[in-house]
Amino acid sequence: MRKFNFCAGPAALPEPVLRQAQQELLDWRGLGCSVMEISHRSPEFMEVAERAERDLRDLLKIPDNYKVLFLQGGATGQFSAVPWNLFGAGSKKADFIHSGHWAAKAIKEARRYGQVNVVASSEDRNFSYAPSADSWRQSPDAAYLHYTPNETISGVEFDYVPEVDCPLVADMSSTILSHPLPVEKFGVIYAGAQKNIGPSGIAVALVREDLLDRSMENIPRSLSWKVAADADSMDNTPPTFAWYLSGLVFQWLKAQGGVEAMAKQAEQKSALLYRYLDSSDFFSSPVEKGSRSRMNVPFVLADDSLDKQFLAEAKEVGLLNLKGHRSVGGMRASLYNAVPLEAVEALVKFMADFEARRA
Ligand SMILES: *Cc1c(COP(=O)(O)O)cnc(C)c1O
């Protein structure tokens, strides 16, 4: 029996998608083999690849002057790809907003190739909020500004899109497809798939076309957006099964009402949990109001000696993967698109019951 899964990533996938994949696994489209076992250049797979791109374009209303790339190496691969692809024309300087764990990793990687200027940071209050735009000191000659709209580990989400003069680059691994997106405000958007797109093994990058010729000279071929764009993301063998499954998720999203419906649901699910956390003396949210993530909700027990028991009892009633990240402790419930409202209702009910039994 499937249980409610709050894993931060790889995360829950929509059940209908898994069922379809299961049903098609051995004999896909009457070919007598699975989608994993045919050439990525076959007309059948090309159709899967093209449909996935088309559906993603529809979902996010991606303008025509953006390439949609399906890549390997995860979001971490893009931490390297961003400087490699953007430091080749003009300055090797980039502005970064430091909002937590993932921003730190992106910064560390960019520093290997150029100069990083941290324009804003929330380190002063343990990364419990998204820095506001009025505190920034932007560089006049930055090749790009990078930020992390949703910090998956600390559960901090920006409630605004930065306005900058240089190309804006965003790591949307844990928030893409959870709301409508003004894509035209960004130079580059990238995301590892395993939170809100599909299984691990594939990453998506949306790159504005005029940024494709800014790469450093010795860029590794596998990191080049230009090479990927020219080859329709098939310069070498792509992760075909992950691409196919991501495509099924896009179809499922469209059938659910698209990103507008997902935004409404994310609001509803996260509000339900935050409302309970704020009303309880037993549990609390460490994230400041106004910056609280709709996708990842960390929370702590007032008495952390009960953490283990909380997790064990939660698991017993079918609420999985609520343990917080090892770097911050406590609990975390990830509420991605594939996690239904009933899961959050069940979680809140369990928490209230756990609390009541100790009152
Ligand atoms: C999970 C995550 C990553 C790392 O993704 P990989 O695909 O494992 O490299 C990077 N950034 C954010 C915001 C994430 O949530």
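Remember, it's 1-based here, ligands and their atoms both numbered in the order they're listed. Position 1 is the first residue of the sequence; numbering continues from there.
Judged by distance alone, the side chain of Q265 and the main-chain N or O of L341 form no donor-acceptor pair under 3.5 Å. A donor-acceptor distance shorter than 3.5 angstrom exists from the side chain of Y66 to the backbone of F186, with no hydrogens or angles considered.
Protein residues are said to neighbour a ligand when one of their heavy atoms lies under 4.0 Å from it; for ligand 1 these are G74, A75, T76, F79, W102, T148, N150, T152, D171, S173, S174, Q194, K195.
Aromatic ring centres of F350 and F310 lie closer together than 6.0 Å.
Taking a cutoff of 4.0 Å between a charged side-chain nitrogen and a carboxylate oxygen, K264 and E260 do not qualify as a salt bridge. Salt-bridge annotation for K105 and D171: absent, with no side-chain N of the basic residue lying under 4.0 Å from a carboxylate O of the acidic one.
Geometrically, R41 does not engage F45 in a cation-pi contact defined by less than 6.0 Å to the ring centre and at most 45° from the axis.
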